[in-house]
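As the structure is a prediction and not an experimental result, all values here were calculated from the model. Throughout, a chain's letter reflects where its sequence line sits, starting with A, and its residues are numbered from 1.
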2 protein chains.
Amino acid sequence: MGESQEENKTLTIADIADALGVSKTTVSRAISGKGRIGSETRERVLKYIDAHNYTPNVIAKSLAQNKTYNLAVVMPGDYELIDLPFFQNCIMGIQEIASSFDYDMLLTVCNNADVTKLERIVHNRKVDGVILLRSFMNDVQVEYLQKKNIPFVVTGSSNYKGVVQVDNDHRAACRELTSILLMKRMKKIALIGGNEEHVVTQSRLMGFKDAFADSGTAVDESLIYMNLDNPVLLDGKLDDIIKREVDCIVCMDDAICMEVLYKLRREGISVPDQIRVASFYNSSMLETHDPSITSLDFDAKELGMLVCRTLLDMIEGQKVQKKTLLGYEVRLRESTK
Amino acid sequence: MGESQEENKTLTIADIADALGVSKTTVSRAISGKGRIGSETRERVLKYIDAHNYTPNVIAKSLAQNKTYNLAVVMPGDYELIDLPFFQNCIMGIQEIASSFDYDMLLTVCNNADVTKLERIVHNRKVDGVILLRSFMNDVQVEYLQKKNIPFVVTGSSNYKGVVQVDNDHRAACRELTSILLMKRMKKIALIGGNEEHVVTQSRLMGFKDAFADSGTAVDESLIYMNLDNPVLLDGKLDDIIKREVDCIVCMDDAICMEVLYKLRREGISVPDQIRVASFYNSSMLETHDPSITSLDFDAKELGMLVCRTLLDMIEGQKVQKKTLLGYEVRLRESTK
DNA sequence: CTGAAAGCGCTTACAG
DNA sequence: CTGAAAGCGCTTACAG
């Protein structure tokens, strides 16, 4: 009796203990690998588990250990379409690492203005840690998480003290690309940037200025146009920029770059003959564009993987590096010939 | 004594019971609203909870109720870039509904060939139900979920029996758009489709054929090109199609449509003067394209919301409609003038 | 209307 | 090396 194998009845640790004539403690130890246990006993338990296709109840484990084996990933709600591949690849990277450690990923969408979704998740104790996919100069999410003292990592850079961050080295990348443009004897370079509230915008701006400093040239501040993530505003400014007959337009991101290219086409201005164009970011759009557009290239998936690994380390209580910078590549293409 | 309010100590139901001099049972009932309880007692408990910022421990609740308050959303791993906004909007819709019912969304990426990630989640009992963002003619995920007898809903259509599905009415939409093209006296219409394994591809094909049947015209099967999601293959076939001097090219999705437009531009063939173009799907790419491209428009966010609502109903044990069809809009633009 | 008690399926001091 | 027992924070028959 009791020997029948009902496939549907989900096994518990108690069932296994009964079947094997050992205690639940022993079974638990065999599974977790913690605590002393005879290797022969362990083998027996493991073999039984394997044969009967047992999986521990993660919820019960969670309650006992006060851990959820879940990560929250916060995606900004106001993304540009063109940024989607970046987030997506990043998420793929996170997923890959998380699941390999038996963690799951709880995705939520938040605007910087509205953190209630994040609050709910944290307050409900549904996650062991949080990944922010974007950060702001004034970041309500960061402040909330710091206050709550919950492990979190920012994808990108943060100006807040003590925040663990993993980023590509945007500053160095923009510096290098800008230097190349300067070396190609472009004098009047216009820089068009988006939301100044994004930390990455600031990094890019600094990299741009670094290059000028390196070359001993003064930056013409009047050629730096910021906060032009709105297409209508941008369009107006572009009329100015075109009138000023710049050698090159450098766009801080691809959403802006696409608008610029669209405008130039409408105005019948040819790239690169009449004006050069480059972008500080790289979507596949730019690569297949005609002409192809010079840009910077970052590996979003790798970034996601590292962010996730860092967060898991923090959760396990290991020391982690405050700030990790990943590489980049400069893609010189036809638009700056 | 015991009156000090330590902000950091997380309250439990037992603390509240103690403080109020009632039993845990009573507190639980006041919170859940289940079971008989005096309204005065309930008020007292609720007031205390509110004042002390108590949130129930969802994990403990999960264990007791054998429910997780989590949903899994499975995103295909082999998506086209251009489809990303669809998935994203869908996910936004799901999120919105889920969180309003205090459910969270566990996102995972799976190829049809590899369901191990999904299996892990289900096996670990981390979710109460699953949403599949895409389905296949032969769908390992569907088969797995059916076998496991776990509530799930498919976004899109499924040919499997008994699967709950929410979809836009692709067939009717394609029928209507095709009918319009036929009425505009286009005779030779080439249809270019992607992966025949996707259920939606079949629906679109049927809609296309419906329109011909309606108009009493025979479909020229030789003008129907399928499985051309590979750009290189597509390019070759397009040479054929161009040679055959069709009036119009209808693309089953926007990835294909972009390739077609790219090819036509390279060949110096003007749209719509020399050839008309339409797409059975609508990305923002087509709208801003020059010329703008006639296409079908679906509301992905609405779809996501309804899918999620349906799944939640299933989880709560309510009867749900086997198949729900949502509307669409035909966007006639310059490319079929 | 209310409460004592058992239970959900694990983990983990503690004792041996 | 192994086990009995308490505990994680809820829910829910059952009894009153």
>> Would you measure the distance from the C1' atom in C:dT12 across to the matching atom in C:dG16 and give it in whole Å?
In response: 16 Å
>> Expressed as a whole number of angstroms, how long is the span from A:Asp18:CG to D:dG3:P?
In response: 12 Å
>> Please compare B:Ala14 and A:Arg42 by the position of their nearest nucleotide in DNA chain D and report the one closer to 5'.
In response: A:Arg42
> For C:dG9, does OP1 or OP2 lie under 4.0 Å from any side-chain N or O of A:Thr12?
Replying inline: no
> Has A:Ser23 got a side-chain N or O lying under 4.0 Å from the OP1 or OP2 atom of D:dT2?
Replying inline: no
> If pairing requires Watson-Crick or G-U wobble contacts with both distances under 3.5 Å, which nucleotide is the partner of C:dA4?
Replying inline: none
> For C:dC10, does either OP1 or OP2 sit under 4.0 Å from a side-chain N or O belonging to A:Ser28?
Replying inline: no
>> Please determine whether the number of non-hydrogen atoms from other residues, nucleotides or ligands lying under 6.0 Å from atom CD of A:Gln318 exceeds 12.
In response: yes
> Do the charged groups of A:Glu197 and A:Arg134 touch, with an N to O distance under 4.0 Å?
Replying inline: no
>> From CZ of B:Arg29 over to C1' of D:dC10, roughly how many Å is that when rounded to an integer?
In response: 14 Å
> With A:Val130, which of A:Leu311, A:Ile121, A:Leu145 fulfils side chain to side chain contact (heavy atoms under 4.5 Å, CB included)?
Replying inline: A:Leu145
>> So, does B:Thr41 get its side chain near the phosphate of C:dT2, meaning an N or O under 4.0 Å from OP1 or OP2?
In response: yes
> Looking only at side-chain N and O atoms, does B:Tyr54 come under 4.0 Å of OP1 or OP2 in D:dG9?
Replying inline: no
> Of the non-hydrogen atoms in B:Leu20 and B:Arg44, which two are nearest, and what is the gap between them?
Replying inline: O-NH2, 2.7 Å
> In whole angstroms, how far is the C1' atom of D:dC8 from the CZ atom of A:Arg125?
Replying inline: 12 Å
> Salt bridge between A:Asp102 and B:Arg120, side-chain N to carboxylate O under 4.0 Å?
Replying inline: yes
> How close do A:Ile131 and A:Val307 get, heavy atom to heavy atom, and via which atoms?
Replying inline: CG2-CG1, 3.6 Å
> When we call it a touch if two heavy atoms are under 4.0 Å apart, what does A:Thr26 touch: a base, just sugar-phosphate, or nothing?
Replying inline: sugar-phosphate
> Counting any heavy atom closer than 4.0 Å, what does A:Val58 reach on the DNA or RNA strands: base, sugar-phosphate only, or nothing?
Replying inline: nothing
>> Distance check, P atoms only: C:dC10 and C:dC14, in whole angstrom units.
In response: 24 Å
> Using a cut-off of 4.0 Å on non-hydrogen atoms, how would the nucleic acid contact of A:Lys24 be classed: base, sugar-phosphate, or nothing?
Replying inline: base
>> Let's go through A:Asp139 and A:Val199 carefully: what are the C-alpha distance in whole Å and the side-chain angles of both, what is the deciding distance for side-chain contact (heavy atoms from CB on, under 4.5 Å) to 0.1 Å, and is it a yes or a no?
In response: CA-CA 10 Å; A:Asp139 198 311; A:Val199 177; over 6 Å; no
> Once you round it to whole Å, what is the distance between C1' of D:dT12 and CD1 of B:Ile37?
Replying inline: 14 Å
> Quick one: A:Tyr69 OH to C:dC10 P, roughly how many Å, whole number?
Replying inline: 13 Å
> Please give, in whole Å, the distance from D:dC10 P to A:Lys126 NZ?
Replying inline: 14 Å
> Once you round it to whole Å, what is the distance between P of D:dG9 and CG of B:Leu11?
Replying inline: 11 Å
> Which parts of residues 61-68 of chain B get close to DNA chain D, meaning a heavy atom less than 4.0 angstrom away?
Replying inline: B:Lys61, B:Ala64, B:Gln65
>> Apply side-chain contact (heavy atoms from CB on, under 4.5 Å) to residues A:Met92 and A:Glu96 and explain how you reach the verdict.
In response: CA-CA 6 Å; A:Met92 298 286 246; A:Glu96 195 164 311; 6.0 Å; no
>> Rounded to whole Å, how long is the line connecting atom CG of B:Asn57 with atom P of D:dC8?
In response: 11 Å
> Looking across every strand, which nucleic acid part, if any, lies under 4.0 Å from A:Ser32 by heavy atom: base, sugar-phosphate, or nothing?
Replying inline: nothing
>> Categorize B:Thr25 for me: base, sugar-phosphate, or nothing, with a 4.0 angstrom heavy-atom threshold over every strand shown.
In response: base
